[in-house]
Amino acid sequence: MSIYDTLNEQQRDAVFCTEGPLLLLAGAGSGKTRVLTHRIAYLIEEIGVNPYNIMAITFTNKAAAEMRERVDALVGFGSEHIWVSTFHSACVRILRQYIDLIGYDRHFTIYDTDDQKTVVRDVMKRLNIDKKQFPERSVLGAISKAKDELITPSEYEMQNRGKFRESQVAKIYTEYQKQLKANNALDFDDLLVKTVELFQFHPEVLEIFQNRLKYIMVDEYQDTNTVQFTFVSMLARKHRNLCVVGDDDQSIYKFRGANIYNILNFENIFKEATVIKLEQNYRSTQNILNAANEVIRNNKGRKAKRLWTENEAGEPIDFHQYETEYDEAQQVLNEIERKNRDGIAYKDMAILYRTNAQSRVLEEKFLLKNIPYKIVGGINFYSRKEVKDILAYLKVIDNGYDDLAVRRIINVPKRGIGATTINKVANYAFEQEMSFMDACREAYNIPTLKSAANKVLDFAAQIEGFRKVAANGTLVELFQAVTEGTGYLIDLQADDSEEAKARLENIDELLNKITEYELSAENPTLGELLEEIALVADVDSLDQSDDRVVLMTLHSAKGLEFPYVFLVGMEDGIFPSYMTLMSDDKDDIEEERRLCYVGITRAKQKLYISAAKHRMMHGRMQFNKVSRFVDEIPETLLALDRGVNLKSKDPAKSLFSTNRNMESRKPYYQRSQAKAKDFGFGSSASVDYEVGDTVSHVKFGRGVVVELVKGGRDYEVTVEFERVGRKKMFASFAKLKKV
DNA sequence: CTCCTTTGTCTTTTT
DNA sequence: GACAAAGGAG
């Protein structure tokens, strides 16, 4: 009896097929991670491959850690020598060793999306390009797309001669890239692009890695883009032992440049490739799987396959359309409570939604009911202002060329250095062709500065001081020097608002992170710490031993599974999103459908689908039809009756049919915004309290109404709360209850 | 230079 | 509603 006996025939074929290119088409829940880990074990134990010669690329750090753990359990030794990482971390690791060969300093900084925006904004200002006409989002999108396709600024310019918009973007792209280089910084895309460049211009470096990485495996291959593909195929060119695993039906990152042809054309590119399909699903019940199959069947561009399972039929899929998003949240939470009483652990239940914004209403209910939960994604911890400020200090200490970081902190906390002064220093730096930080150090040379020069010099001296601490002390000591030496902590401590308290907590949390890093890393350095922070995804921190209900977007849920899954907000306009409904590109709706497929197949035992008839979106009441995807699930798989909560206050007025089935069969586009407005949720808004009444609020607790003003379509109510003081809010949002 | 208020814009998904 | 930019007062 060997460990391989537990695999099915196709899985075993995949494990034993170790030489040459291999394309593994692995449907959802077909045990691809099992195959990958067993394949690695087989390579090490049976073929005698040195773990050092194996590389596995995963999508998230969490998946990487998990894979290592599972291989470790199988082989018992050597797994720590396997190179398991994400694309981005792998590239950083290579670049930290060799990037000086292509003209960067090895202490480069990694820019996140916010940093990118700042650079684009600056560049556009300098080039005098109107940001109304060229929103930074779309400019960055174009740049990122170009990078994904390995198009350099000059190539981009040549390809777009004579096209006004594109040539403007080309100018921005060129300047943007120059700026990054000057700051000794790379954005996320650059990590890949620069590595490929390094390999192109320095084949000797490429060869080092080719010689080492004899067996390469890529997980979630359907979501790779052109640079990533180039990177991998360069590495694999020598030994050609490239195993890619993916499912074209789960390709959900086209917006990020994922190139589905990487998987669809793999056999054309690697002619000798073996192709193995894994179609038996071990995860979900028959009902769930059937629903998933029926939905995905509506897509045109896909490889033919049909997942099957030996699992039992299981319970039908629950579907409810509720009145509002609040009702929906309430009922979902009720069910979670019920299940928990029946002995289902919280961590076995997950709520999935299309957009992060949908988490807010749910979170409020969780707080109210005191059910443990964890929200993945959304506002990243590391993008909070106070955390970014402190990190900017650390970045400046690590890489003095990072002008962006310097400018962020030069007046934080307040040092009396205003915009005028900063511009003068920036101009001087530009004329002298030096970094902003170096210009600060020479502030006495800038005649126009006058008295401000001393303030700038003090700042430069302070950074110098921190550098000394960094050179001699621990990271925690450095952290303390920065937070205390700058007065950042004292300022916050002096302020006793709720907000300041929250900020202090976040700074504390950052200290925890740094302490933890310093304890666990073999050879902790400031650079590595910053890098680790730059490359973590929020899912990475998901600890599945915690007994909490998990809330996340469908995108984040890829690769995960839960016994009980709630798919909320299944409405046309939300999922599929309004943007894709409006798009002329038919592929967009197919991508949404794949996302739906991913969502459905996360569930092992039972799936709950729900929608709201109307909900507040962007500050307006929106009336949505049930998602077309729900319509694609055969009725026989759905349970529609039990516990339906149709609290329709006035059915006569209702423009939505009370019959949910009829509703979902109507053409989707007939809903008009004007009609929705006529219902005037706003104009009919009324409140059952008045000035002087005591009311209670979900978050703020008890308070007294001090003012009530009728606005255009809503009441504006001001309440003096016992705990948090005076707040002004709209009655329809506040949901105040008279006590 | 700083702080406050007002106004306008934008709303998908993320390494 | 969330946030950034702009405008205005001290």
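What you see is a predicted model, and the numbers here were worked out from it, not measured in a lab. The sequence lines fix the lettering, A, B, ..., with proteins before strands; numbering per chain opens at 1.
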Is any side-chain N of the basic residue among [X] and [Y] closer than 4.0 Å to the acidic one's carboxylate O?
X        : Y        : answer
A/Asp588 : A/Lys254 : yes
A/Lys513 : A/Glu532 : yes
A/Asp458 : A/Arg415 : no
A/Glu136 : A/Lys117 : no
A/Lys395 : A/Asp115 : yes

Partner of C/dC3 by Watson-Crick or G-U wobble geometry, both contacts under 3.5 Å, or none?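 Across all strands, the one nucleotide that pairs with C/dC3 is B/dG8.
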Nearest heavy atom decides the nucleotide; on that basis, is A/His555 or A/Lys455 closer to the 5' end of DNA chain B?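 So the residue in question is A/Lys455.
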Need to verify one output field. Residue with the more 5' nearest nucleotide on DNA chain B, A/Leu535 or A/Gly416?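 Its nearest nucleotide lies further toward 5', so the answer is A/Gly416.
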Within the 4.0 Å heavy-atom criterion, would you say [X] contacts the bases, only the backbone, or no part of the nucleic acid?
X        : result
A/Ser89  : nothing
A/Thr421 : sugar-phosphate
A/Tyr253 : sugar-phosphate
A/Arg121 : sugar-phosphate
A/Asp189 : nothing

Covered region of DNA chain B, 5' end to 3' end, by chain A [heavy atoms, under 4.0 Å]: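 Range of nucleotides touched by chain A: B/dC1 to B/dT15.
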Expressed in angstrom and rounded to an integer, what is the separation of A/Gln358 atom CD from C/dA2 atom P?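 It works out to 16 Å between those atoms.
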Aromatic contact, A/Tyr176 with A/Tyr111 (centres under 6.0 Å):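 No, too far apart.
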